Novice: 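First the structure, then my questions, so here it is.
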Amino acid sequence: MQAEPLRNSGIESLGRVAWGAHICMFFNGKEEALEILVPYFAAGLSDNEFCMWITSPPLSVEDARRALTEAVPDIDRRMSAGQIEILDSADWYTKNGKFHSRAIMDGWAAKLEDATKKGFAGLRLCGFTTWLDEGDWEAFIGYEDEVGDLIEKSKTIALCSYALSKCDAARLMDVVSNHHYALIKKNNRWTLIENTGRAKAVAETRELEQQYRRT
């Protein structure tokens, strides 16, 4: 069986990735997040992937659409054609007022199935997590672990976005351990951490947190 071609991530420090890539990003502020997310989605749209962008403060649905318009001038046509959806987190993660991991995973699976039927190459998604309440953290990290298995076995590329201001050392480790790759801005450049083992990832995230505490 011929191997699937690698996909363009749109992220300079990451390059091309296989289907099943599960990526996380730590960002400071809306503009920093858009530095990664705009080219990430532009690449997916260019490669005939179905894209879903779930936003939450500080990034609104309109912020995301406006930013994409600069990189993808025909974004309105693509939205009308059903190639991309941009939703607020309240309309996806907490649609019924509470986070239910199984319902969310079933939702991603249904979106991928629908995208495939419509002739798209696969699913490219991004979820913002700033909506998380303190009491939701453990449940969400458990969901990240479970959904990672679903992503790895499907034609899906996922990028999970975390506000650095909401992540202490323990949370950084929780997040990195559930993803293949982590992106964080260091010395004004995006740094890539490849999770080849929890111990290595833990050491690197501790080092990065210490750097941010010093700045």
Side-chain angles (χ1 to χ4, degrees), residues 9-10 19-27 30 33-34 36-38 40-45 49-69 72 75-76 78-118 120-163 166-167 171 174-175 178-179 183:
S9 72
W19 286 122
H22 195 195
I23 309 155
C24 64
M25 172 183 71
F26 299 100
F27 66 92
K30 176 170 62 178
L34 291 173
I36 292 293
L37 295 176
V38 168
Y40 169 76
F41 278 114
L45 292 168
E49 297 169 15
F50 171 65
C51 298
M52 277 196 71
W53 190 345
I54 312 301
T55 71
S56 61
L59 190 72
S60 69
V61 170
E62 183 55 29
D63 289 332
R65 190 201 64 78
R66 189 184 306 113
L68 265 180
T69 300
V72 186
I75 190 64
D76 289 336
R78 291 178 184 273
M79 292 182 79
S80 296
Q83 191 185 0
I84 180 169
E85 293 181 30
I86 306 175
L87 301 175
D88 185 87
S89 60
D91 297 320
W92 184 257
Y93 286 119
T94 56
K95 188 160 48 176
N96 297 314
K98 190 172 176 60
F99 173 70
H100 294 287
S101 61
R102 176 49 55 186
I104 302 304
M105 286 191 285
D106 289 346
W108 291 130
K111 288 293 184 181
L112 175 59
E113 182 179 6
D114 187 54
T116 303
K117 287 179 180 177
K118 291 178 177 176
F120 295 114
L123 169 64
R124 180 172 299 221
L125 65 92
C126 171
F128 259 58
T129 62
T130 52
W131 58 271
L132 278 170
D133 292 328
E134 190 70 27
D136 292 323
W137 181 262
E138 291 299 326
F140 192 80
I141 289 300
Y143 153 80
E144 283 272 55
D145 186 30
E146 288 187 74
V147 81
D149 292 335
L150 174 68
I151 291 165
E152 285 181 357
K153 297 171 185 175
S154 66
K155 288 187 175 182
T156 301
I157 297 171
L159 198 165
C160 305
S161 302
Y162 290 82
K166 290 194 169 188
C167 294
R171 289 189 173 189
D174 282 343
V175 175
N178 276 334
H179 295 81
L183 293 158

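Start at 1 with the first residue, then count along the sequence. Nothing here was measured: the structure is a model prediction, and the numbers come from that model.
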Novice: So, do Trp92 and Trp53 have ring centers that fall under 6.0 Å from each other?
Specialist: no

Novice: Please report the shortest heavy-atom distance between Ser154 and Leu150, naming the atom on each side.
Specialist: OG-O, 3.1 Å

Novice: With a 4.0 Å cut-off on N to O distance, would you call Arg65 and Asp76 a salt bridge?
Specialist: yes

Novice: Which heavy atom in Ser60 sits nearest to a heavy atom in Thr55, and how many Å separate them?
Specialist: C-OG1, 3.7 Å

Novice: Is the backbone of Ile141 close enough, under 3.5 Å, to the side chain of Asn178 for a donor and an acceptor to pair up by distance?
Specialist: yes

Novice: Search all heavy atoms of Ile157 against all heavy atoms of Trp19 and return the closest pair with its distance.
Specialist: CG1-CE3, 3.8 Å

Novice: So which heavy atom on Thr130 is nearest to which on Lys166, and how close?
Specialist: O-NZ, 2.8 Å

Novice: Just one of Arg124, Lys118, Lys155 clears the salt bridge (Lys or Arg N to Asp or Glu O under 4.0 Å) bar with Glu49, so which one?
Specialist: Arg124

Novice: Under a 4.0 Å N-O cut-off, is there an ion pair linking Arg66 with Asp63?
Specialist: yes

Novice: Would you call the rings of Tyr162 and Phe26 parallel, tilted or perpendicular if under 30° counts as parallel and over 60° as perpendicular?
Specialist: tilted

Novice: Under 30°, 30 to 60°, or over 60°: which ring-plane class applies to His22 and His179, parallel, tilted or perpendicular?
Specialist: tilted

Novice: Verify, without hydrogens or angle tests, whether Thr129 (side chain) and Ser161 (backbone) share a donor-acceptor contact under 3.5 angstrom.
Specialist: yes

Novice: Is a side-chain N or O of Tyr40 found less than 3.5 angstrom from the main chain of Leu125, in a donor-acceptor match?
Specialist: yes

Novice: Should the ring pair Phe128 and Phe27 be called parallel, tilted or perpendicular, given that the plane angle runs from 0 to 90° and is split at 30 and 60?
Specialist: tilted

Novice: Taking it one step at a time, do Arg171 and Asp174 satisfy salt bridge (Lys or Arg N to Asp or Glu O under 4.0 Å)?
Specialist: CA-CA 5 Å; Arg171 289 189 173 189; Asp174 282 343; over 6 Å; no

Novice: Counting C-beta onward and ignoring hydrogens, is there a side-chain heavy-atom pair between Leu68 and Ile84 closer than 4.5 Å?
Specialist: yes

Novice: Inspect the contact between Asp106 and Arg102 and indicate whether a charged nitrogen and a carboxylate oxygen are less than 4.0 angstrom apart.
Specialist: yes

Novice: Do Leu45 and Cys51 have side chains that approach each other closer than 4.5 Å (heavy atoms only, starting at C-beta)?
Specialist: yes

Novice: Measure the shortest side-chain to side-chain distance between Leu132 and Phe99 over non-hydrogen atoms and say whether it is less than 4.5 angstrom.
Specialist: no

Novice: Where do Met52 and Trp108 come nearest, in terms of heavy atoms and distance?
Specialist: SD-CZ3, 3.8 Å

